[in-house]
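Single-structure report; data block below.
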2 protein chains.
Amino acid sequence: MSGDGTRITRGGRPRSEQLHQAILKAALDLVLEVGFRAVSIEGIAAKTGVGKTTIYRRWPNKAAVIMEAFIAQLGPASRFPEDERAVERLRLQMQTTAKAFRGRVGALVKALLAEAQFDPELAKAFRENWTLPRRKLVFEVLEEATQQGGLRKDLDIEAAIDAFYAPIYYRLQMGTGPISEAYVDKVYEQAMEGQRQRVKR
Amino acid sequence: MSGDGTRITRGGRPRSEQLHQAILKAALDLVLEVGFRAVSIEGIAAKTGVGKTTIYRRWPNKAAVIMEAFIAQLGPASRFPEDERAVERLRLQMQTTAKAFRGRVGALVKALLAEAQFDPELAKAFRENWTLPRRKLVFEVLEEATQQGGLRKDLDIEAAIDAFYAPIYYRLQMGTGPISEAYVDKVYEQAMEGQRQRVKR
DNA sequence: TGTGAGATACGCAACGGTTCGTATCGTTTT
DNA sequence: AAAACGATACGAACCGTTGCGTATCTCACA
């Protein structure tokens, strides 16, 4: 998504890493100030105090700038909290995500995910840098939970991941209710019922 | 959302209802042809063969036009299929929604829901005309299912609705997998487990 | 170990193009 | 008489690009 972070320098003045960071920070601040839509390359340039040429040299459009800023802010996908029970780690991670969604990250995910519906490049970047890494972690924790027992043998992990996380994204976008701790626990609980080994019926 | 469908005519030439419909049709066709983003008021005007003033006189922006066109096309929220078992009606309705999501309606919902993230007016219109009416129907069917027995006594209906439908919306937007019949049945099944009366544990 | 040439980034300004939403015509319909 | 209609012009905003002169760095070569 970045313009060309790995480009080869064959002499000449190198691009300023400091500027790079300053642009990303300004972009992110702007989004949170005025909303994604109202942000323009010109605005980012003005806020950073650079010429917009400098920005266009590195990114193709504003979505790319903001996407990179978003990812850079995240750092590596946050590790799951410690707990020897895999399912409890999952629950805690759901709460962590929910808490993030109540703040800045929520606003950013909301905007980027929406924008991604209109921009295949952005959608790809979002999926690869946000969605898939996080799904992978959940996948692993669910695999471990399976080994620890209690979950059904024929577990459909992909569908299970959706059951745990889709409601959180749903509320983020629909605004049908708050993403409260109580709600997340409720989601966890009912999704977990769907994955348990059946006693009998 | 409409410009002023209920405005009072105090003499003068009345607005043409025929034009109104023609504009809505052209708007919807355009969205499906070129995508929401690429649609402009000018484009709708050109396709309809009217001046764009005529459109601006009735709607504030393109999102409003398309939203009204979308709603008009839907007609009243489709009734649930017949079946004496409430939970089976729910499952069938989920499949109906999924089928719609695989086609034109899916493309429209996806675009409108995304656009709504940037436009509070549009979000309100979407919630009131799409989301809430449909949630209400699910609410009622779940209430009936509760009376028919088998579901837990302390059922959280709002959370339950999310469990059944959020994964479908999730896949619509994330593209992590198809909204196939098998998937929907899987979602139904695991969500239903979360709502069942517990036998014991 | 210098040093100078070449390459590239930088800020700035200006450009043509597009789209938006508004305003202003004269005309048509009720 | 009043309001809708089509047509057209308009200013504003933003886009993405270009040209300019300057700044900064690398590399080749002495």
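Naming convention: chains lettered A, B, ... in sequence-line order (proteins, then strands); numbering from 1 in each chain.
A cation-pi arrangement, defined by a distance under 6.0 Å to the six-membered ring centre and an angle within 45 degrees of its axis, is present between R134(A) and W130(A).
Residues forming a salt bridge (charged side-chain N to carboxylate O under 4.0 Å, His left out) with K99(B) (at least two apart in sequence, or on another chain): none. Under the rule for a salt bridge (charged side-chain N to carboxylate O under 4.0 Å, His left out), the partners of R91(A) that lie at least two apart in sequence or sit in another chain are E88(A), D185(A). The side chain to side chain contact (heavy atoms under 4.5 Å, CB included) search around V65(A) returns I23(A), L24(A), A27(A), I41(A), I44(A), I55(A), W59(A), not counting sequence neighbours. With sequence neighbours excluded, the residues forming a ring-ring contact (aromatic ring centres under 6.0 Å, His included) with F101(A) are Y169(A), listed by chain and number. With sequence neighbours excluded, no residue forms a salt bridge (charged side-chain N to carboxylate O under 4.0 Å, His left out) with R102(A).
The CH2 atom of W59(B) sits 14 Å away from the P atom of dG21(C) (whole-angstrom rounding). The distance from atom CZ of R58(A) to atom P of dT8(C) is 15 Å, rounded to the nearest whole Å. Following rounding to the nearest Å, I44(B) (CD1) and dG21(C) (P) show an atom-to-atom distance of 11 Å. Straight-line distance from the CZ atom of R37(B) to the C1' atom of dT18(C): 15 Å, rounded to whole Å. Per the geometry, CG belonging to L19(A) stands 12 Å off P belonging to dC25(D), to the nearest Å. Put simply, CD1 on I55(A) is 12 Å from P on dC12(C), counting in whole angstrom units.
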| request: Determine, for nucleotides 10-22 of chain D in 5'-to-3' order, which nucleotides have protein heavy atoms under 4.0 Å from the base (write B), from only the sugar-phosphate (write S), or from neither (write -). | output: ----SBBBB----
